[in-house]
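The figures that follow rest on heavy atoms only: side chains count, while hydrogens, waters and symmetry mates do not. Protein chains get the first letters and strands the later ones, always in sequence-line order, with residue 1 at the start of each.
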Amino acid sequence: MEKLTFYEQVYQVVHLIPSGRVTSYGAIASYLGTKGSSRMVGYAMNGVLKINSSIPAQRVVNRNGLLTGKFHFSSPELMQQLLELEGLEVKDDQIINFKSVFWDPAIELDLEK
DNA sequence: GAGGTGACTGCGA
DNA sequence: CTCGCAGCCACCT
C-alpha cells in the first residue's frame with residue numbers, strides 16, 4: 001500500500017461499508033490519515049465512479065447526512081432510491097436517524113485491532 | 001513545474 | 001438561525 005492513489009484508498013473503504021449503513025467524507029478522510037482534506041474523498045469518488053460505477057457511493061454523504069453528491073449519479077433521485085432500498089429513511093435529501101446508521105471506518109475497522 | 005478544481009468541514013458574523 | 005469565508009490536499013491539464 002504505497003502506490004495506491006487516494007481514489008483507490010477511498011474505493012476500498014467505501015466498498016467495505018455494510019449495507020444499510022452510511023459514513024461521511026470526513027470519517028473516511030480521517031481514517032486514511034488526510035482528515036484535513038475531506039474534499040479529497042469526494043473528489044476521489046468522482047474519479048472512482050468513472051472507472052467503477054459499482055461502488056456504493058450512495059452510502060457516502062457529508063457529515064450532516066445530506067446527499068450532497070446525489071447529482072453525480074445517473075439520476076439525482078437514484079441515490080436516495082438506493083438508500084431507501086437498503087432500509088434507510090431519506091427526507092429532503094437528508095438521512096433520517098443518520099447517527100444511528102453512521103458507520104465510522106476509524107472505529108469499525110480499527111475495532112479488531 | 002505551476003495553476004486550477006472540488007461529492008467537505010469548521011468557525012465567524 | 002442562516003450565510004459566507006478560508007483551509008485543506010491529491011489529481012488533472
Residues pairing under salt bridge (charged side-chain N to carboxylate O under 4.0 Å, His left out) where one sits in residues 66-77 of chain A, two or more places apart or in two chains, turn out to be A:Lys70-A:Asp93

Residues 25-34 of chain A vs salt bridge (charged side-chain N to carboxylate O under 4.0 Å, His left out), sequence neighbours excluded, gives none

Side-chain donor-acceptor pairs under 3.5 Å in residues 13-27 of chain A, sequence neighbours left out?
residue : atom : partner  : partner atom : Å
A:Arg21 : NH1  : A:Ser100 : O            : 3.1
A:Thr23 : OG1  : A:Trp103 : O            : 2.8
A:Ser24 : OG   : A:Ala27  : N            : 3.2
A:Tyr25 : OH   : A:Val60  : O            : 3.3

### Message
Quick check: is A:Met79 connected to A:Met45 through a chain of hydrophobic side chains (ILVMFWY, heavy atoms under 4.5 Å apart)?
### Response
no

Subject >> Single-linkage hydrophobic cluster, 4.5 Å side-chain cutoff, A:Leu66 and A:Val41 together >> reply: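 Unlinked, A:Leu66 and A:Val41 end up in two clusters.
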
request  = Indicate, with a heavy-atom threshold strictly under 4.0 Å, whether A:Ala29 touches base, sugar-phosphate, or nothing.
outcome  = nothing

What residues in residues 75-94 of chain A put a non-hydrogen atom under 4.0 Å from any atom of DNA chain B?
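Within residues 75-94 of chain A, no residue comes under 4.0 Å of DNA chain B.
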
Exercise for review: Would you mind listing every ring pair (Phe, Tyr, Trp, His ring centres under 6.0 Å) that reaches into residues 80-101 of chain A, with sequence neighbours excluded?
Suggested key: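 Pairs touching residues 80-101 of chain A that pass the test: A:Phe98-A:Phe102.
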
Pairs meeting criterion side-chain hydrogen bond (donor to acceptor under 3.5 Å, both in side chains) with involvement of residues 82-92 of chain A, two or more places apart: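 Sorted result for residues 82-92 of chain A: A:Gln58-A:Glu86, A:Arg59-A:Glu86, A:Gln80-A:Glu84.
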
For a 4.5 angstrom cut-off between non-hydrogen side-chain atoms, does A:Leu67 reach A:Ile95?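 The answer is yes; the side chains approach within 4.5 Å.
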
Any N/O pairs under 3.5 Å between the protein and nucleotides 11-13 of chain C? List them or say none.
residue : atom : partner : partner atom : Å
C:dC11  : OP1  : A:Phe6  : N            : 3.1

_Partner residues of A:Ser74 under the side-chain contact (heavy atoms from CB on, under 4.5 Å) criterion, sequence neighbours left out_ =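 For A:Ser74, the residues satisfying side-chain contact (heavy atoms from CB on, under 4.5 Å) (neighbours in sequence not counted) are A:Leu78.
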
To the nearest 0.5 Å, atom CG of A:Leu32 lies from atom CZ of A:Phe6 at 5.0 Å

note: A:Asn46, atom CG; B:dC8, atom P; distance rounded to Å ~ 10 Å

Could you list all N or O pairs between the protein and nucleotides 1-3 of chain B that sit under 3.5 Å apart?
none

Dump every N/O contact between nucleotides 9-13 of chain B and the protein below 3.5 Å, one line per pair.
residue : atom : partner : partner atom : Å
B:dT9   : OP1  : A:Arg63 : N            : 2.7
B:dT9   : OP2  : A:Arg63 : N            : 3.1
B:dG10  : OP2  : A:Arg63 : NE           : 3.1

- request: Compare side-chain N and O positions of A:Thr68 against OP1 and OP2 of B:dC8 and report whether any pair is under 4.0 Å apart.
  value: yes

